[in-house]
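Quick notes on the structure that follows.
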Number of protein chains: 2
Amino acid sequence: MQEERADAARNRKAILEAADDLFATSDSPSEVSMDDIARAAGVGKGTLFRRFGDRRNLIQQVFAVRLAPLREQIESGPPPLGPDTPPRERVSAIIDAIAVFKLDNAHLMLVLEEGSGPTNDLHESPDYVAVHGLLRDLVASEFEKSRASWIAHSLLANIRADLLGHLVKGEGMSHSDIRLSLRDFVAHTLDY
Amino acid sequence: MQEERADAARNRKAILEAADDLFATSDSPSEVSMDDIARAAGVGKGTLFRRFGDRRNLIQQVFAVRLAPLREQIESGPPPLGPDTPPRERVSAIIDAIAVFKLDNAHLMLVLEEGSGPTNDLHESPDYVAVHGLLRDLVASEFEKSRASWIAHSLLANIRADLLGHLVKGEGMSHSDIRLSLRDFVAHTLDY
DNA sequence: TCAGAATACGGACCGATGGTCCGATTGTCA
DNA sequence: TGACAATCGGACCATCGGTCCGTATTCTGA
């Protein structure tokens, strides 16, 4: 792998920023087209596709940038998210943090889930697999071993982006309403 | 509203059958195009769109046909699905029945969830709203009133089609594995 | 039975979109 | 500075959902 040429690097950054901005700004982020992004980045379409391959990948990269801080907190940050936290407390903190992240990035989550064909199963994305694995192990380390995987899936199912979005927009719950209900629910689930 | 002309009725049936067959047969049902369906039904594209308006609606109609028996069982069938069932038992039976239905119709579920833009929120579809309302009321009638809605959402989140599909294809669980785990989990959830 | 109105048919056509291609351009390094 | 490789950019392509309208079919009622 060679070094990336200066113009290439510059364009990649411009594209990433333009895309993030468009997704964040647009009323319906999933309708932002690749041409829109190229135009906003001041770049040709060919450049865009050469850098990112396809739409899916571009979206994932934009997402990864936003996710990085949370990911790092969980992987190596201080309690209550980091590794030096008792399992039960950590599970609860992680679920809460992911929920907050999704609520704060609702627009991006929509774009991310847009292509839900067989080629794009949420449950096989690296992020999902990683967090599910972590939760599973945490649950197994102190509670029900045999059902740990199921419990982890279930916890994550309760904070799917579209469900959270519905609770806010369709049922008028505030973010703190949701976090409170979620906290109780997680506690109860962990009493399995 | 006039009577439907004979050729119109014939074509509607042909389209519905062709679509159902294509979705059931195809490896990736969400890639079945409207042209494919029109061709398979031996019908022009115009006819297809005049009858069904758009792709979404056609898919919903195909789905509705398959869903009808289950819907009726729940609305007015005998126990354990019908109304003459104690709430707790009925909730459990309904969740199980929906899970089985989704497992049996995995391909259709994929197509149904394909367009997940802001215009297509699962949680606002009539079917979801109906079953959520029913579960909410059942839960509220005997257990936690204040959290009934949340619990209903949570129960349904555990049987999302893509999650079930992952458990089967990604984790190799059998249908009965899933039903057993689900049964326990629902029981525990209802002990709130 | 038949004519004429009402309705439905079907496939050419359209606009948008993700993605590709290749001649022109720019960065890099000796 | 020169020359080669990497990059650029936008015209171009295929596909898809959806529309349009001249033609064909069905229905009505006398």
Side-chain angles (χ1 to χ4, degrees), chain A residues 1-19 22-23 26-63 110-120, chain B residues 1-19 22-23 26-63 110-120:
Chain A
M1 198 71 183
Q2 292 273 353
E3 264 294 322
E4 188 173 53
R5 240 171 67 171
D7 51 350
R10 197 182 335 122
N11 283 334
R12 198 189 34 188
K13 205 175 140 220
I15 292 169
L16 241 21
E17 286 172 1
L22 281 181
F23 288 143
S26 166
D27 296 332
S28 39
S30 57
E31 283 172 13
V32 173
S33 74
M34 299 301 270
D35 297 74
D36 291 340
I37 295 170
R39 207 175 315 124
V43 141
K45 225 176 150 183
T47 304
L48 197 167
F49 277 95
R50 197 169 337 91
R51 275 284 102 60
F52 295 96
D54 61 15
R55 182 181 174 84
R56 275 268 305 283
N57 192 260
L58 169 58
I59 292 170
Q60 278 170 0
Q61 304 263 355
V62 172
F63 183 73
L110 274 181
V111 188
L112 203 62
E113 290 177 3
E114 72 184 351
S116 57
T119 50
N120 185 25
Chain B
M1 198 72 183
Q2 292 274 352
E3 265 294 323
E4 190 173 50
R5 242 172 62 171
D7 50 350
R10 197 184 334 123
N11 282 333
R12 197 185 35 173
K13 205 175 138 220
I15 291 168
L16 242 19
E17 285 171 2
L22 282 181
F23 289 142
S26 166
D27 296 334
S28 38
S30 57
E31 284 171 12
V32 173
S33 73
M34 299 302 270
D35 298 74
D36 291 340
I37 295 170
R39 207 175 315 124
V43 142
K45 221 175 155 184
T47 303
L48 198 167
F49 278 95
R50 198 172 333 95
R51 277 278 104 52
F52 295 96
D54 61 15
R55 182 182 173 84
R56 276 268 304 281
N57 193 258
L58 169 59
I59 292 170
Q60 279 170 0
Q61 303 264 354
V62 172
F63 183 71
L110 274 181
V111 188
L112 203 62
E113 290 177 2
E114 73 184 349
S116 57
T119 49
N120 184 24

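When reading the values below, keep in mind they use all heavy atoms of this one structure, side chains included, and skip hydrogens, waters and symmetry mates. A, B, ... follow the sequence lines: proteins, then strands. Residue 1 opens every chain. Here the structure is a predicted model, which is why all the values come from computation and not from measurement.
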>> Here's a test for you: under side chain to side chain contact (heavy atoms under 4.5 Å, CB included), which of A/I59, A/N57, A/L58 qualifies with A/R55?
In response: A/I59

> Of the non-hydrogen atoms in B/A41 and B/A14, which two are nearest, and what is the gap between them?
Replying inline: CB-O, 3.8 Å

> Of all the nucleotides listed (C/dG19, D/dG18, C/dC9), which has the minimum atom distance to the side chain of A/F49?
Replying inline: C/dG19

> Out of C/dG10, D/dC8, D/dT26, which has the shortest distance to the side chain of A/R51?
Replying inline: D/dC8

> Can you tell me how far C1' of C/dG15 sits from CD of A/E31, to the nearest Å?
Replying inline: 15 Å

>> Nearest to the side chain of B/R5, heavy atoms from C-beta on, is which of D/dT7, D/dT19, D/dT26?
In response: D/dT26

> What is the distance, rounded to the nearest whole Å, between atom CG of A/D7 and atom P of D/dA6?
Replying inline: 13 Å

> Which sits closer to the 5' end of DNA chain D, A/K45 or B/S33, going by the nucleotide each is nearest to?
Replying inline: A/K45

> Considering only D/dT26, D/dG9, D/dG18, which nucleotide approaches the side chain of A/N11 most closely?
Replying inline: D/dG9

>> Between A/D7 and A/R5, does the salt bridge (Lys or Arg N to Asp or Glu O under 4.0 Å) criterion hold? Intermediate values first, please.
In response: CA-CA 6 Å; A/D7 51 350; A/R5 240 171 67 171; 2.9 Å; yes

> When you measure from the side chain of B/A6, which nucleotide among D/dT26, D/dG18, C/dC9 comes out closest?
Replying inline: D/dT26

> Which comes earlier along DNA chain D counting from the 5' end, the contact point of A/R12 or that of B/D35, where each point is its nearest nucleotide?
Replying inline: A/R12

>> Could you tell me how far apart B/R39 (CZ) and D/dT15 (P) are, to the nearest whole angstrom?
In response: 11 Å

> Can you tell me how far CG of A/L22 sits from CD of A/E31, rounded to the nearest 0.5 angstrom?
Replying inline: 13.0 Å

>> Without decimals, in angstroms, what is the distance between A/I37 CD1 and C/dT17 P?
In response: 12 Å

> Taking atom P of D/dT25 as reference, at what distance in whole Å does atom CZ of B/R50 sit?
Replying inline: 14 Å

> A/T47 has a side chain; which of D/dC8, C/dG19, D/dT19 sits nearest to it?
Replying inline: D/dC8

> Roughly how many Å is it from CG in B/L22 to P in D/dC16, rounded to a whole number?
Replying inline: 13 Å

>> Distance check needed: C/dG19 P versus A/I59 CD1, whole Å only.
In response: 9 Å

> Ignoring hydrogens and geometry, is there a side-chain-to-backbone donor-acceptor pair from A/S26 to A/S28 under 3.5 Å?
Replying inline: yes

>> In this structure, how many angstroms lie between the C1' atom of D/dT26 and the CZ atom of B/R10, rounded?
In response: 10 Å

